[in-house]
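Scroll down for the structure; my scribbles are underneath it.
Note that the structure is a prediction, hence the values are computed from the model and not measured. Per chain, numbering begins at 1; letters A, B, ... match sequence-line order.
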Amino acid sequence: METGLSNTEKFALQLLEWFYKVKRDLPWRRSRDPYAIWVSEIMLQQTRVETVIPYFERFMQRFPSINELADAPEEDVLKHWEGLGYYSRVRNLQSAAREVKAEYGGVVPADPERFIKLKGIGSYTKGAVMSIAYQIAEPAVDGNVMRVMTRWCGWYDDIAAGKTKTKIEEFVRTVIPRDQPGDFNQALMELGSQVCTPKSPSCERCPVQLNCMTFANGWQNELPVKTKLKSDRVESRWVAVVTRRRAYDGEVEVLVRQRPDTGLLAKLWEFPHEIFTGGEAHEVISESLRFNSDHPKLFWQGTHVFSHLKWQLDAYYVELLEDVEIGAELTWFGPEERAKYAFAQAFTVIWQAFENRALEAM
DNA sequence: AATCCGGGGTA
DNA sequence: TACCCAGGATT
C-alpha cells in the first residue's frame, strides 16, 4: 500500500497511536502546571518512576508552587529529598525556582534558550519540560531514547560518547511531530522502558517494528553499543553512634554532624568519626574510655554503594555516661531533629540497625 | 572527554 | 555481580 508517508512519519504515527493505548496514569501527567512537570523531570533523572511517585506527591503537597519552593528553608527542601539521591538536583531546583521568581515573576519561561540557563537544566530536561508543558518541538533524549533510536536506525555509535547524544538529538528533531511534541517524547521514553528494554526487548509487541534495522537484522543483543564504566574505588571507614539520655524526658539523643556544603552528600547529616572537646578533635573510639566504662562495641558492619564509590562501614556504639563538652562541629539529634533534618541513607541504615539492636536488648 | 554525584531495581 | 535508570555540573 502506498500511504505517501516517509518512514519517519510512519514511525511517529505508529508510536503515538501505541502510546495513547498504553499510557500510564502518573501523578505528573494529571497536571498541566509547568512547575509540576519540571519537578517530576528533575526527580526522574536517573531514577525510576515507581521510586519517584511518593516523593513527587509529598514534594508537591509541601511546595505547591514556584514561589513556595523559593521561599522555603533549604533544610526543609533537602528533607523532602531524603533518600532520593543526587541531592544537588534539589539544591539546584530551589536555586532555579528563586531565579524564576525573581526574573520571570514565578512563571516558567516558555523559551528553551532561557530555560536551559537555569541551574540543573540540561539538554534533556529542557526538551522534556518545554515539549510537555508548552508543546515546543524540542527533542528530549535520555537513556531510553538513545537505546530506541540507535536500535531503530541500526547505529553502532557508542552511546557513552557525548557526540552520539548530539547526533540522536539532531535526528529526533527531524522526526518529532510539530503538533504533539510532548506526547511524542514521552512515547519514545515509554517505549524504551516498557518494550525496547536493555536486555531481551519485546520486539513482538513493538509498534515501530516495521522499519527497525535491529529487528530486521537480529541485532538485539549487539545494540546499543556502550563502553563499560570503570570500577568503583573502595573506601573503608568507621563511625560512632554516641548516645546520651535527655534528663527531662529520658529520650535518647545521638551525636551527629553536618557534612560540608559541597561534594558527596552535601549538607546532609551523618554519624561522626571524631569527637571535639576543648577545641581539639579526637577519635571517638580512642576517647571512648573517658566516656564509657565499657570498650566501644562494634555492632554493625556493611557496605554502601554510590555511583563511583563504595564504603566499607564499621559502626561502633559508645554510651556517654558523664556530660562532656562537645564542640560546635557536633550536635545532638533527638527524635524531633531527626524528623526535621535530612540524614544520609548510608547512616539511616546504621541508625535502624542500632535501634533494632536496642530493642533486642530490652 | 572523563569524573563526580545516590539509591534502588533487575537479570 | 553488572547494568541500568525520563542526567547535569565540574574539571
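- Atom P of dC4(B) sits at a distance of 24 Å from the matching atom of dA6(C), rounded to the whole Å.
- Residue contacts for S123(A): at a heavy-atom cut-off of 4.0 Å it reaches the sugar-phosphate backbone alone, with no base atom in range.
- You'll find a donor-acceptor pair under 3.5 Å spanning the side chain of T47(A) and the base of dG6(B), going by distance alone.
- For the 3.5 Å distance criterion, the side chains of D111(A) and Y134(A) fail to qualify, holding no donor opposite an acceptor.
- Taking a cutoff of 4.0 Å between a charged side-chain nitrogen and a carboxylate oxygen, R30(A) and E57(A) do not qualify as a salt bridge.
- The separation between R147(A) atom CZ and dT10(B) atom C1' is 13 Å, rounded to whole Å.
- Distances were taken from every side-chain heavy atom of Y86(A) (C-beta onward) to each of dG7(C), dG8(C), dG8(B); the shortest belongs to dG7(C).
- The separation between D232(A) atom CG and dC4(B) atom C1' is 12 Å, rounded to whole Å.
- One can place CD of Q194(A) at 16 Å from P of dG9(B), the figure rounded to the nearest angstrom.
- The pair K310(A)-E235(A) fails the salt-bridge criterion, with no side-chain N (NZ, NE, NH1 or NH2) lying under 4.0 Å from an Asp/Glu carboxylate O.
- Nucleotides of DNA chain B nearest to F343(A) and R233(A) differ in position, and the one nearer the 5' end is that of R233(A).
- In this structure, the nucleotide among dC4(C), dG6(B), dG8(C) sitting nearest to the side chain of L264(A) is dG6(B).
- Remark: R91(A) is not positioned above the aromatic ring of W81(A), lacking an NZ or CZ atom under 6.0 angstrom from the ring centre and at most 45 degrees off the axis.
- Using a cutoff of 4.0 Å between basic side-chain nitrogens and carboxylate oxygens, R29(A) and E190(A) are scored as salt-bridged.
- Distance, M43(A) CE to dG8(B) C1': 16 Å, rounded to whole Å.
- Within the nucleic acid shown, K165(A) comes within 4.0 Å of sugar-phosphate atoms alone, with no base atom in reach, counting heavy atoms only.
- Comparing the same atom, P, in dT3(B) and in dC3(C) gives a spacing of 16 Å after rounding to whole Å.
- With dA6(C), dG8(B), dG6(B) as the candidates, the nucleotide lying closest to the side chain of Q345(A) is dG8(B).
- Backbone-only contact: G83(A) has heavy atoms under 4.0 Å from sugar-phosphate atoms and none from a base.
- As rounded to whole Å, 13 Å separates atom P of dG6(B) from atom NZ of K267(A).
- Each of E41(A) and I121(A) lies near DNA chain C, and the nucleotide nearest E41(A) is the one positioned closer to the 5' end.
- The listed nucleotides are dG6(B), dC4(C), dA6(C); the one nearest the side chain of R29(A) is dA6(C).
- The side chain of Q45(A) approaches dG8(C) more closely than any other nucleotide in the set dA6(C), dG6(B), dG8(C).
- The distance between atom CG of L44(A) and atom P of dG8(B), rounded to the nearest whole Å, is 16 Å.
- Looking at heavy-atom distances under 4.0 Å, T51(A) makes no contact with the nucleic acid at all.
- T125(A) comes within 4.0 angstrom of the backbone, heavy atoms only, and of no base.
- Set against dC4(C), dG7(B), dA6(C), the side chain of H304(A) has dG7(B) as its closest nucleotide.
- I42(A) comes within contact range of no nucleotide atom at all, as no heavy-atom separation falls under 4.0 Å.
- Taking only distance into account, the side chain of S307(A) meets the base of dG6(B) through a donor-acceptor pair shorter than 3.5 Å.
- Within 6.0 Å of the CZ atom in R24(A), the count of heavy atoms belonging to other residues, nucleotides or ligands exceeds 12.
- For F306(A), counting side-chain heavy atoms from C-beta on, the closest listed nucleotide (dG7(B), dA6(C), dG8(C)) is dG7(B).
- Summarising the geometry, the separation between CE on M189(A) and C1' on dA6(C) is reported as 5 Å, rounded to the nearest angstrom.
- Of the candidates dA6(C), dG6(B), dG8(C), the closest approach to any side-chain atom of Q46(A) belongs to dG6(B).
- Counting only distance, with no hydrogens or angles, the side chain of Q94(A) and the backbone of A72(A) share a donor-acceptor pair below 3.5 Å.
- Annotation: dG8(C) and dG9(B) have their C1' atoms spaced 23 Å apart (nearest Å).
- Rounded to a whole Å, the NZ atom of K199(A) is 8 Å from the C1' atom of dT10(B).
- Nearer the 5' end of DNA chain C, as judged by each residue's closest nucleotide, is the contact made by K226(A), out of N92(A) and K226(A).
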